[in-house]
S.K.: 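Sharing a structure below in structure tokens format, with a few things to ask.
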2 protein chains.
Amino acid sequence: MSQQELKKAGLKATVPRLKILKILEAKQGKHMRAEDVYKCLLASDEDIGLATVYRVLTQFEQAGLVVRHHFDGGHSVFELDQGEHHDHMLCVKCGRVDEFVDDIIEERQKAIAEQGGYKITDHSLHIYGVCPACQKNAA
Amino acid sequence: MSQQELKKAGLKATVPRLKILKILEAKQGKHMRAEDVYKCLLASDEDIGLATVYRVLTQFEQAGLVVRHHFDGGHSVFELDQGEHHDHMLCVKCGRVDEFVDDIIEERQKAIAEQGGYKITDHSLHIYGVCPACQKNAA
DNA sequence: CCACTAATGCAAAAGCTTCTCATTTCTATA
DNA sequence: TATAGAAATGAGAAGCTTTTGCATTAGTGG
Ligand SMILES: [Mn+2]
Ligand SMILES: [Mn+2]
Ligand SMILES: [Zn+2]
Ligand SMILES: [Zn+2]
């Protein structure tokens, strides 16, 4: 029950938070903007404000329930924290997003941080390109 | 003379473009926001609008004179194109930015794109952490 | 030096996100 | 279960960065 998840995260189990969590669970693997979540709520006839969506997503992020990414374009996208970190490869034509993990890159990053004396807290790696489908379309 | 650089890039050699290019050259190695460039212009008593700064920076980017980055925080930063690509490591406390290149990572990225069938156009790697100086401050 | 076109400054507007505050909802407790 | 206090919410205003419209100005080729 998600009621417990919220309590465990130190958050009151309110209707907006439960609904938003459910939406994120339903769209697992997708990367949603606040606006997208809001539209889902509207479609479900929920009377929840956009401001609340932003507030809740930020709280979820701080609680470790979701991860926020800053893809090019100037807005944040969110996804349920799947437990293990991954990076992203994005199609600049259609917006498709692929996820990947590369141990060698992860390791090199740690080495670079250490070499610079940084205590690493986070990192983001985005590969931009044209996906196979869009390459075919262009040809 | 920067007059030539602009012509070569297919851009008219106007006063705003010359001034902005000079500022970027003066601050080589720094990462400036449009607002930062604008403040420099004001400090030099130049009567150039912020809108023009944004327009010119975008043109410079398209002409390959400058590179635009999207660091966390929702705004763009620009730097003169130094000819060879590099990635960034940023201090989350003081905003310090270090640059680095890692051939192994570059190579792995290409391999990942190829494996996914993507034709890679660009990529960004940001390592966030606490720099040596800020670690000392905290202790 | 002129005429033509491109570029500029300013103000308005757009897009995303945060804030304010009156009102509502949780939750702990009796 | 009823209640009081604290936390959360909805609606709209406001904040920030960036873009756009338009009248005016400034480069450029001839
Ligand atoms: Mn993802
Ligand atoms: Mn740089
Ligand atoms: Zn595509
Ligand atoms: Zn620092």
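The chains referred to below are lettered A, B, ... by the order of the sequence lines, with proteins before strands, and numbering in each begins at 1.
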S.K.: Roughly, in whole Å, what's the span from CG in B/L57 to P in D/dT18?
M.R.: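 For the pair B/L57 CG and D/dT18 P, the rounded distance is 10 Å.
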
S.K.: Please pick, from D/dT20, C/dG9, D/dG10, the nucleotide with the shortest atom-to-atom distance to any side-chain atom of B/T52.
M.R.: C/dG9

S.K.: Taking only the side-chain heavy atoms of B/K12 (C-beta and beyond), determine which of D/dG27, D/dT20, C/dT18 contains the nearest atom.
M.R.: D/dG27

S.K.: Ignoring hydrogens and angles, answer whether the base of C/dG15 and the side-chain atoms of A/R33 contain a donor-acceptor pair closer than 3.5 Å.
M.R.: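 When only heavy-atom distances are counted, A/R33 does not reach the base of C/dG15 through any donor-acceptor pair under 3.5 Å.
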
S.K.: Tell me which nucleotide among D/dG27, C/dA7, C/dT27 gets nearest to the side chain of B/R17.
M.R.: C/dA7

S.K.: Find the distance A/Y54:OH to D/dT9:C1' and express it as a whole number of Å.
M.R.: 17 Å

S.K.: Rounded to the Å, how far apart are A/H75 NE2 and D/dC16 P?
M.R.: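 It works out to 22 Å between those atoms.
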
S.K.: Can you tell me how far P of C/dC10 sits from CD1 of B/I48, to the nearest Å?
M.R.: 10 Å

S.K.: When the distance from NZ of B/K39 to C1' of D/dT17 is rounded to whole Å, what number comes out?
M.R.: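 Whole-Å distance recorded here is 12 Å.
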
S.K.: With distance as the sole criterion, is a donor-acceptor pair present between the side chains of B/T58 and B/R68 under 3.5 Å?
M.R.: yes

S.K.: When only distance counts, do a donor and an acceptor, one from the side chain of A/R55 and one from the base of D/dG10, lie under 3.5 Å apart?
M.R.: yes

S.K.: Counting only side-chain heavy atoms from C-beta out, which of C/dC19, D/dT9, D/dT28 sits nearest to A/A51?
M.R.: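 Closest nucleotide to the A/A51 side chain: C/dC19.
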
S.K.: Indicate, yes or no, whether a donor-acceptor pair under 3.5 Å links the base of D/dT18 to the side chain of B/R68.
M.R.: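 Per atom types, no contact qualifies.
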
S.K.: Is A/S76 near enough to C/dT17 that one of its side-chain N or O atoms lies under 4.0 angstrom from OP1 or OP2?
M.R.: yes

S.K.: When you check the phosphate oxygens OP1 and OP2 of C/dC26, does a side-chain N or O of A/K7 lie under 4.0 Å from one of them?
M.R.: no

S.K.: Measure OH/B/Y38 against P/C/dT8 and give the value in whole Å, please.
M.R.: 15 Å

S.K.: Side-chain donor-acceptor pair under 3.5 Å between A/H126 and B/H126, yes or no?
M.R.: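 Checked: A/H126/B/H126 side chains show no N/O donor-acceptor pair below 3.5 Å.
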
S.K.: Hey, which of these two, B/P16 or B/E35, hits DNA chain D nearer its 5' end, going by closest nucleotide?
M.R.: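 Whichever sits nearer the 5' end wins; that is B/E35.
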
S.K.: If I compare all heavy atoms of A/L80 with all of A/V66, which pair ends up nearest, and what's the gap?
M.R.: CD1-CG1, 4.2 Å

S.K.: Using whole Å, what does the distance between atom P of nucleotide D/dA13 and atom CG of A/L50 come to?
M.R.: 15 Å

S.K.: Please indicate whether A/E107 has more than 12 foreign heavy atoms, meaning atoms of other residues, nucleotides or ligands, lying under 6.0 Å from its CD.
M.R.: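 No, the 6.0 Å shell around CD holds no more than 12 heavy atoms from other groups.
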
S.K.: When you measure from the side chain of B/V56, which nucleotide among D/dT9, C/dT8, D/dG27 comes out closest?
M.R.: C/dT8

S.K.: 5'-most contact on DNA chain C: A/T14 or B/G10, nearest heavy atom basis?
M.R.: B/G10

S.K.: Using atom CD of A/Q59 as one end and atom C1' of C/dT17 as the other, report the distance to the nearest whole Å.
M.R.: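 Between C1' of C/dT17 and CD of A/Q59: 15 Å.
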
S.K.: Using 30° and 60° as the class limits, which term best fits the ring planes of B/H88 and B/H69: parallel, tilted or perpendicular?
M.R.: perpendicular

